[in-house]
Protein chains: 2
Amino acid sequence: MVKIQSSETASNARGKDEGRASRRRGAELESALLEAAWEELKAVGYESLTMEGVAERAGTSRTVLYRRWPSRLELVLAALRHRGLVRTGTVPNTGSLREDVLALLRLVSDRVSEVGPQNLSALLSGVFADTGATAAVEDHFMNHNADVMEIILKRAADRGEIRGDISTRIATLPVDLVRHELLLARTPSSKLDIIEIVDAVFLPLVLTQKQA
Amino acid sequence: MVKIQSSETASNARGKDEGRASRRRGAELESALLEAAWEELKAVGYESLTMEGVAERAGTSRTVLYRRWPSRLELVLAALRHRGLVRTGTVPNTGSLREDVLALLRLVSDRVSEVGPQNLSALLSGVFADTGATAAVEDHFMNHNADVMEIILKRAADRGEIRGDISTRIATLPVDLVRHELLLARTPSSKLDIIEIVDAVFLPLVLTQKQA
DNA sequence: ATGTTAAGATGCAAGTTGTACCCTAAGGAG
DNA sequence: CTCCTTAGGGTACAACTTGCATCTTAACAT
């Protein structure tokens with residue numbers, strides 16, 4: 001493992017700034033610790049991440065870490081939460097079911113692509129490493145967007161595009177498939193894939209249900 | 001970590017049996033190593049598994065392990081392959097498309113349930129942590145079963161159940177959805193979920209394509 | 001019998017973990 | 001201001017793991 005010397009972090013921790021306390025305390029310190037953990041996770045991956053490595057990157061000692069988190073796993077998960085990978089709650093409203101769903105999938109896809117493939121691997125590794133899974137992480141990163149799809153489908157039904165009783169399995173299918181590709185390839189779905197998911201899978205299913 | 005002393009394994013390795021070589025060699029040794037790795041994985045989970053622990057359980061030295069596998073991740077993955085958690089190449093042939101696909105999904109599901117949710121999490125964590133992902137692992141664990149589905153669909157087309165040109169996206173959909181649930185919930189899909197995937201999603205799509 | 005290969009054992013340096021303990025900066029109360 | 005408390009930062013230690021080098025010798029082939 002190659003140690004990365006983080007001179008900026010070290011100098012901040014040791015009170016080189018003027019008119020400022022030399023020691024970080026409380027929330028400021030905790031934020032710095034979690035940021036360091038995230039950076040370390042990105043740099044070396046979960047498998048090679050050590051408490052020592054994070055402490056060094058944060059310009060502190062392991063004792064400080066262990067005062068807050070009993071294990072590297074807990075630390076990493078806390079770091080993921082700290083990064084605030086939350087869902088937006090945005091509901092596309094284009095006037096057409098197809099366009100709404102395409103827009104949603106692109107939104108999901110774009111948001112994830114901000115993370116980057118290496119970070120994505122690190123993130124997923126951390127998520128799966130939690131054997132006592134925290135629902136919050138999964139809710140934020142892996143939720144079905146069922147509520148958003150419900151609104152989109154209700155609007156489509158009100159417009160008369162489809163019937164109003166699409167099952168949850170089908171309602172969540174597009175996002176599920178995008179996420180599936182994300183998990184397999186660790187990169188977001190391509191634009192063509194998104195269109196295929198909507199046109200070849202989702203629309204035939206909801207339109208079939210309408211006709212039946 | 002509580003060390004489990006495996007006296008049977010140790011005595012076998014040290015030649016206490018009569019009329020038998022004292023040292024295991026070749027395939028016999030490798031099988032014993034992989035079995036020990038599996039037992040250790042079940043006993044302590046991936047996070048706490050060590051090469052030393054596996055070696056001890058196998059009644060051998062770490063050197064022997066390192067001669068075959070460069071890391072604990074590779075060892076564990078090899079152990080899982082050894083357990084037959086690979087695709088078997090089995091192609092269900094029941095005479096009905098629906099039953100074939102159900103049988104395949106159950107096969108995939110049952111096989112994965114042997115691992116156990118805790119170990120599955122650990123395994124997936126390890127897979128994602130390996131930023132230079134080994135293609136073989138993904139092939140074995142995360143493949144689309146496209147070849148199997150191709151055979152099933154060809155048979156169905158020969159029987160006249162469906163048309164012969166189902167897209168790959170749709171052909172792989174059932175297995176993709178089962179895997180998706182596996183990744184999200186870290187437990188295999190329920191029997192009801194499998195039936196829903198086939199009856200509410202897959203069959204309407206392939207039957208729609210036939211009618212069009 | 002000899003020669004080769006691989007299993008098993010051991011030791012070592014480097015590194016990590018989890019913890020105990022010490023010093024003292026920082027903050028609050030009086 | 002002083003005094004007290006808390007928590008940050010540092011260090012040391014024992015135990016453990018890793019990755020590797022090296023040696024011995026059982027097992028097998030010729």
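Chain letters run A, B, ... following the sequence lines, proteins first, then strands; residues in each count from 1.
Counting atom types as modelled, Thr50(B) pairs no side-chain N or O with a base atom of dT18(D) as donor and acceptor under 3.5 Å. A donor and an acceptor atom never sit less than 3.5 Å apart when one is taken from the side chain of Thr60(B) and the other from the base of dA9(C).
Taking CZ of Arg98(A) as the start and CD1 of Ile195(A) as the end, the distance is 6.0 Å to the nearest 0.5 Å.
Atom-to-atom, CD of Glu74(B) to C1' of dG19(D) comes out at 15 Å; the value is rounded to the nearest Å. Rounded to whole angstrom, the span from the CZ atom of Arg24(A) across to the P atom of dA7(D) amounts to 17 Å. As rounded to whole Å, 12 Å separates atom P of dT18(D) from atom CD of Glu56(B). The CE-C1' distance, from Met51(A) to dT17(D), rounds to 17 Å in whole Å. In this structure, Arg23(A) atom CZ and dC23(C) atom P are separated by 13 Å, rounded to whole Å. Atom CZ of Arg72(B) is separated from atom P of dT18(D) by 7 Å (rounded to the nearest Å). With rounding to whole Å, Leu49(B) atom CG is found 8 Å from dT18(D) atom P. Between Glu52(A) atom CD and dA15(D) atom C1' there is a gap of 16 Å when expressed in whole angstrom units.
Candidate nucleotides dG19(D), dA26(C), dT17(C) were compared by shortest atom distance to the side chain of Arg62(B), and dG19(D) ranks first. Among the nucleotides dG8(C), dA9(C), dT5(C), the one closest to any side-chain atom of Arg25(B) is dT5(C). Of the candidate nucleotides dG10(D), dA9(C), dG8(C), dG8(C) has the atom nearest to the side chain of Val64(B). Of the candidate nucleotides dG8(C), dA26(D), dG8(D), dA26(D) has the atom lying nearest to any side-chain atom of Ser22(B).
A salt bridge is defined here as a Lys NZ or Arg NE, NH1 or NH2 lying under 4.0 Å from an Asp or Glu carboxylate O, and Asp193(B) with Arg169(A) meets this definition. The residues Asp176(B) and Arg179(B) are annotated as salt-bridged, a charged nitrogen and a carboxylate oxygen being separated by less than 4.0 angstrom.
Counted within 6.0 Å of CD on Glu150(A), heavy atoms from surrounding residues, nucleotides or ligands total 12 or fewer; the atom is thus considered open.
Formation of a donor-acceptor pair under 3.5 Å by the Glu181(A) side chain with backbone atoms of Ser189(A) is not found in this model. Side chain of Arg62(B) to main chain of Ala55(B): no donor-acceptor pair is present (N/O by atom type, distance under 3.5 Å, no hydrogens or angles).
In this structure the side chain of Leu203(A) reaches within 4.5 angstrom of the side chain of Leu97(A), judged on heavy atoms.
Two residues, Arg67(B) and Ser61(A), neighbour DNA chain D, and the one matched to the more 5' nucleotide by heavy-atom proximity is Ser61(A).
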Distances under 3.5 Å only, N/O to N/O: pair up the protein atoms with those of nucleotides 2-4 of chain D.
none

